[in-house]
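A short write-up of the structure that comes next.
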Amino acid sequence: MATRARFVHNSRRRRGDEESSSDDEQQQVESSSSDDNEEEEEEEEGPGQVVADEEEEPAAVESPSPAAGRNGRKGPITISLKKVCKVCKKTGHEAGFKGAVYIDCPMKPCFLCKMPGHTTLTCPHRVAMEHGVIPAPRRNTNTSLDYVFQSQVKGKIPMVKPQFLVPNQLECGNIKFHQRRVTCLEFHPTKNNVLLSGDKKGLLGIWDYVKLHEKITYDSVHSCILNSMKVDAANDGVLYTASSDGTISCTDLDTGLGSPLLNLNPDGWNGPNTWRMIYGMDLNTEKSLLLVADSFGFIYLLDRRSKTRVGQPILIHKKGSKVTGLHCNPAQPDILLSSGNDHYARIWDTRKLEPNSSLASLAHGRVVNSGYFSPRSGNKILTTCQDNRIRVWDYIFGNLESPSREIVHSHDFNRHLTPFKAEWDPKDYSESVAVIGRYISENYNGAALHPIDFIDTSSGKLLAEVMDPDITTISPVNKLHPQDDILATGSSRSIFIWKPKTGVDHTEERTSQKVKEYVYGSGSQKKANGKHDNSSDDDSDGGCDGKKKKAKKTRFTHTAKGKEKGKSKV
DNA sequence: AGATTATGCTTCC
DNA sequence: TGGAAGCCCTAATC
């Protein structure tokens, strides 16, 4: 009943079709042949309402009526004309939420696996707790290199898997800590309980998630998206950050004062054709080298100590295409993995870096959001691609022509989200567990939630899905703690900390309480280099600031309302 | 409450 | 080949 009110676009649509009655007929045929029985029955119930609707546009009612008798059905045909699928613009079905369940457009390929013939709801890859795995042949080269590397690696991987604890319980949250959506997260490697975060505006956040109130944001480090962070291995008070403003900054974490290590746009803004952005960055700790890649396909090497460039920029991905990420092999830091918008991930030896000199080129179906070597042995590769597949290569010195596995997973990101990246659990000695946020929602007790998935990359099995009824937004940014069983999540402008569930389950009250406590909390949010303090930061960010000016309680009320709204869907 | 907007890759001509 | 349209589960704002 109520759903009818939603079909707002029909009048525009009908006006467009007015001229061609044959077009109308086609649509009727389609709609009547559709097997959506529920819909049709519903339609029969409420002709009065329909008539009332159409009185506004009498001309439109007239034209389809001669054809109405043709299929032996009464009146409803006019109604089905009103229902236009927002995805394919055809009639007879509708895409969109029905309660907490999203109904796909049947005319389009599956939104999850991208194959035609079924929708997400019936996708074979959407089996509960087990995602689809596309097997690839396991090849072994049996070269001497193979042998040497295997023997090196074997000693490093213990046979007994340590107990795996999923941090699935929301511990605390820092609601709207950032001014825009969170784009990257990093645990401080030595100061335990400190989480570093970056956002789309270039804001750098530092938060002690145990003391809770110890938090600070620096807004002068970058002027736009903070894409990557790395704490200096030799000086843990120094943070390197890479940004879409085209700079690498070297920031003192205590003062927020930074100096640029690299500026790829020294002449300022001269249009998008010349503006260079930096997404990929990593540190070769052995050589004290900072590796940086821009949005035109080039890599730059920087000497961390002398703060100077080493050599010339080298093209490592298709000219003009963005390099989305860089990662140095943890076991052999000279071996580098790059991922790019040119649909490739590539392995390089940074000691002899030249164009077209990659050791391997890993083909993907679409843009590669990220690529990581496994955290201990470094002999596996995990990539996230916008074709909704996580790919795993089990052995980098084997045959890399095709991945060892492709795991179908929903992370086909909407342009307004931070790209999803599957990341290894650094604590998992077996190098199989990975974490990644999920794009499409699932119906959890009547609420459409977007969980954070723990995936066993060796089998494709979904080990755990982490979610909380209070978090209704998508969580594309996730980071696992290097030592503790803690997960940090960036979701919209907020960040959250998760821990394994222990003892008695008070989840519902406790998490809400924690989150609420913190939003209420009187923690002073300093801004070291800021022009204003948090309560008067008005520039450029428009609307949200009006609310900020109000008392904190107002903010909380606002948040709580949002939550209630989410729950009321039940 | 509904319209609007930020925003980036893909596709189409 | 390049530029413009268009896009399925956003999130926040007025």
Side-chain angles (χ1 to χ4, degrees), chain A residues 2 5-9 12 84-90 93-114 116 119-121 123 126 175-176 178-183 199-201 224-225 227 244 271-273 275 277 279 295 318-322 324 340-343 364-369 385-388 410-420 437-444 447-451 467 471-477 490-494 538 540-548 555 558-559 561-563 565-566 569:
Chain A
R6 278 195 230 132
F7 312 127
V8 187
H9 304 294
R12 196 179 300 150
V84 175
C85 172
K86 66 175 179 185
V87 176
C88 71
K89 311 284 186 279
K90 290 194 174 139
H93 65 270
E94 255 192 302
F97 276 105
K98 280 217 156 66
V101 179
Y102 190 93
I103 308 296
D104 272 5
C105 170
M107 309 301 283
K108 293 272 182 167
C110 172
F111 193 55
L112 175 54
C113 75
K114 309 300 174 194
T119 63
T120 307
L121 278 179
C123 179
R126 197 183 185 167
I175 307 289
K176 297 191 179 177
H178 278 275
Q179 296 192 2
R180 294 293 181 87
R181 58 168 212 243
V182 173
T183 52
D199 76 11
K200 203 176 145 300
K201 237 186 159 184
C224 61
I225 317 177
N227 292 310
S244 290
N273 294 334
W275 186 260
M277 301 181 273
Y279 283 81
S295 52
K318 187 181 170 185
K319 198 168 187 182
S321 76
K322 187 206 290 177
T324 55
N341 264 24
D342 61 355
H343 302 191
H364 289 69
R366 284 236 245 145
V367 166
V368 188
N369 288 349
C385 178
Q386 285 183 31
D387 64 0
N388 264 1
S410 172
H411 50 259
D412 176 21
F413 81 109
N414 178 300
R415 63 187 170 290
H416 313 294
L417 301 173
T418 305
F420 292 85
R438 198 192 301 173
Y439 180 27
I440 54 172
S441 61
E442 196 71 59
N443 179 3
Y444 297 101
L449 302 178
H450 307 267
M467 86 291 279
I471 303 174
T472 54
T473 47
I474 293 172
S475 304
V477 190
S491 192
S492 188
R493 290 164 54 191
S494 306
D538 293 327
S540 72
D541 205 12
C544 64
D545 304 299
K547 284 200 176 100
K548 272 187 195 164
R555 269 177 73 202
H558 180 73
T559 310
K561 253 189 202 169
K563 284 171 191 167
K565 206 177 179 183
K569 282 180 190 169

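Computed from a predicted structure; not experimentally measured.
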Taking the side chain of A:Arg493 as heavy atoms from C-beta outward, which of C:dC8, C:dC9, C:dA12 is closest to it?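 That would be C:dA12.
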What residues form a side-chain contact (heavy atoms from CB on, under 4.5 Å) with [X], not counting sequence neighbours?
X: A:Ile103; value: A:Lys98, A:Val101, A:Leu121
X: A:Arg415; value: none
X: A:Pro451; value: A:Arg438, A:Tyr444, A:Asp453, A:Glu465, A:Met467
X: A:Asn227; value: A:Ile225, A:Ser244, A:Tyr279

Is [X] touching bases, backbone alone, or none of the nucleic acid, heavy atoms closer than 4.0 Å?
X: A:Pro106; result: nothing
X: A:Ser492; result: sugar-phosphate
X: A:Ile440; result: base

Could you tell me the separation between the [atom1] atom of [X] and the [atom2] atom of [N], rounded to a whole number of Å?
X: A:His178; N: C:dA12; atom1: NE2; atom2: P; answer: 14 Å
X: A:His450; N: C:dC8; atom1: NE2; atom2: P; answer: 17 Å
X: A:Lys319; N: C:dT1; atom1: NZ; atom2: C1'; answer: 16 Å
X: A:Gln179; N: C:dA11; atom1: CD; atom2: C1'; answer: 16 Å
X: A:Lys86; N: C:dG6; atom1: NZ; atom2: P; answer: 18 Å
X: A:Lys114; N: C:dC7; atom1: NZ; atom2: C1'; answer: 11 Å
X: A:Lys201; N: B:dA6; atom1: NZ; atom2: P; answer: 14 Å
X: A:Leu417; N: B:dA6; atom1: CG; atom2: C1'; answer: 12 Å

How far, in whole Å, is C:dC9 from B:dT11 if one measures between their C1' atoms?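 My reading of the C1' atoms in B:dT11 and C:dC9 gives 22 Å.
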C:dC8 and B:dC12: how far apart are their P atoms, nearest whole angstrom?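 Rounded to whole Å, the distance is 12 Å.
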Contact pattern, 5' to 3', of nucleotides 7-13 of chain B - B, S or - by protein heavy atom under 4.0 Å: BBSS---
Non-hydrogen atoms of A:His343 and A:Val368 that approach each other most closely: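 Scanning both residues completely, I find the closest heavy atoms to be C-CG2, 3.8 Å.
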How are the rings of A:Tyr102 and A:Phe97 set to each other: parallel, tilted or perpendicular (split at 30° and 60°)?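 Aromatic pair A:Tyr102/A:Phe97 classed perpendicular.
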Which residues satisfy the salt bridge (charged side-chain N to carboxylate O under 4.0 Å, His left out) test with A:Asp412, sequence neighbours excluded?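 Checked A:Asp412 against salt bridge (charged side-chain N to carboxylate O under 4.0 Å, His left out); matches are A:Lys114, A:Arg366.
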